[in-house]
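Here is the structure we will look at, set down as structure tokens.
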Amino acid sequence: MPLRDTLERVDADLAAGRVPVARQRLRGLVSSFPDDLTLRRRLAETYRLYGEPAEAGRWMYLEPDRDAAETSAFETRYDTAPKRMRALAWRGSEALARAAFAKEQLEAVRAACSEAMGQPVDWDTVPSAPKKDSESGAFTDLLAGAGCLLAVVAFLAIWVNGLVALFD
């Protein structure tokens, strides 16, 4: 369905009070056109109707006139750079952003995510959060290795025992 037709349906849904349906249509449009800041703004407005400042902040994050409380709520909900990067649902290069502010925001989030991951990342392959090194993880790995070694030794003992019994 063409963009214009879908937006007309969104307007009709909002006029009829079908806010959840309008929100779903807008989410689909933002997924299809992630670089269209107007669609992101409309989606943020829809989330404001729900009273969800974190989601409104999420979709207004690339706008210079964003609400500080909404931005703070978004940054609190998505508290790490990788989470924020995934939440923004951008695809392609920051150069696709038509507004300078949006481009700067995208570059800042990607740079923070790259720093957090310890390697360069891009918007098309948004990484999961890095694994935290911990002593309990090392201990678990040690136990798993010991269990595998024990299983191999037991298998070999049974095999040797069977071989000896075969020639007796």
Side-chain angles (χ1 to χ4, degrees), residues 19-21 23-37 39-40 43-44 46-63 66-97 101-168:
V19 178
V21 175
R23 186 197 70 204
Q24 283 305 110
R25 289 187 202 280
L26 285 168
R27 287 287 302 260
L29 287 174
V30 168
S31 177
S32 297
F33 304 99
D35 59 336
D36 190 333
L37 298 180
L39 293 175
R40 288 172 176 267
L43 184 55
T46 304
Y47 274 108
R48 282 189 196 106
L49 295 174
Y50 276 109
E52 293 188 30
E55 289 301 308
R58 172 185 182 184
W59 299 111
M60 284 293 290
Y61 198 72
L62 304 178
E63 297 287 346
R66 62 191 184 179
D67 181 78
E70 291 175 350
T71 300
S72 178
F74 165 69
E75 290 175 341
T76 300
R77 179 174 290 172
Y78 301 95
D79 58 343
T80 65
K83 287 179 185 178
R84 265 185 222 133
M85 195 167 174
R86 281 190 304 280
L88 288 174
W90 188 265
R91 286 195 313 261
S93 168
E94 294 95 1
L96 295 173
F101 183 81
K103 183 178 177 183
E104 291 169 9
Q105 288 296 108
L106 291 167
E107 288 171 347
V109 170
R110 185 179 50 77
C113 187
S114 293
E115 184 177 326
M117 299 302 295
Q119 65 184 11
V121 297
D122 61 46
W123 289 98
D124 294 323
T125 56
V126 178
S128 299
K131 290 185 178 180
K132 296 179 180 175
D133 292 331
S134 66
E135 291 180 18
S136 65
F139 182 69
T140 303
D141 291 345
L142 179 68
L143 284 178
C148 289
L149 180 63
L150 183 63
V152 167
V153 168
F155 174 76
L156 286 174
I158 292 170
W159 184 78
V160 167
N161 188 34
L163 192 63
V164 168
L166 180 66
F167 291 109
D168 259 350

- Heavy-atom closest pair (Arg66 atom, Thr71 atom, distance to 0.1 Å) is CD-OG1, 3.3 Å

- Query: Stepwise, does the side-chain contact (heavy atoms from CB on, under 4.5 Å) test hold for Arg48 with Glu70?
  - Reply: CA-CA 10 Å; Arg48 282 189 196 106; Glu70 291 175 350; 2.7 Å; yes

- Item | Close side-chain approach of Tyr61 and Glu75, heavy atoms under 4.5 Å | yes

- Could you tell me which non-hydrogen atom of Thr46 sits nearest to which non-hydrogen atom of Val19, and how far apart they are? CG2-CG1, 3.8 Å

- Item | Straight-line distance of Gln119 CD to Cys113 SG, nearest 0.5 Å | 9.0 Å

- Quick note, salt bridge (Lys or Arg N to Asp or Glu O under 4.0 Å) partners involving residues 87-96, not counting sequence neighbours, are Glu94-Arg110

- Query: Can you find a heavy atom in the side chain of Arg58 that is under 4.5 Å from one in the side chain of Tyr47?
  - Reply: no

- Take atom CD in Glu115; do more than 12 heavy atoms of anything else shown fall under 6.0 Å from it? no

- Gly28 backbone acceptor or donor facing Ser32 side chain under 3.5 Å: yes

- Interatomic distance, CZ@Phe155 vs CD1@Ile158, rounded to 0.5 Å, equals 8.5 Å

- Dump the intermediate steps for salt bridge (charged side-chain N to carboxylate O under 4.0 Å, His left out) on Glu63 and Arg40, then the final yes or no. CA-CA 9 Å; Glu63 297 287 346; Arg40 288 172 176 267; over 6 Å; no

- Note on the structure: So CZ of Arg86 and OG1 of Thr80: to nearest 0.5 Å the spacing works out to 6.5 Å

- Query: Which atom names give the shortest non-hydrogen contact between Ala89 and Pro34, and what distance separates them?
  - Reply: O-CB, 3.5 Å

- CD-CZ distance between Glu52 and Phe74, expressed to the nearest 0.5 angstrom: 14.0 Å

- Message: What I'd like to find out is whether the side chain of Leu43 reaches to under 4.5 Å of the side chain of Arg27, using heavy atoms alone.
- Response: yes

- Flag side-chain contact, heavy atom, 4.5 Å: Leu88 against Trp123: yes

- Task: Measure the spacing between CG of Asp35 and CH2 of Trp90 and express it to the nearest 0.5 Å.
- Result: 5.0 Å

- If you measure from CE on Met60 to CG on Leu37, what distance do you get to the nearest 0.5 Å? 9.5 Å

- Query: What are the two closest non-hydrogen atoms of Ala73 and Pro53, and how far apart are they?
  - Reply: CB-C, 4.1 Å

- Query: Are side-chain heavy atoms of Val152 and Leu156 found at a separation under 4.5 Å?
  - Reply: yes

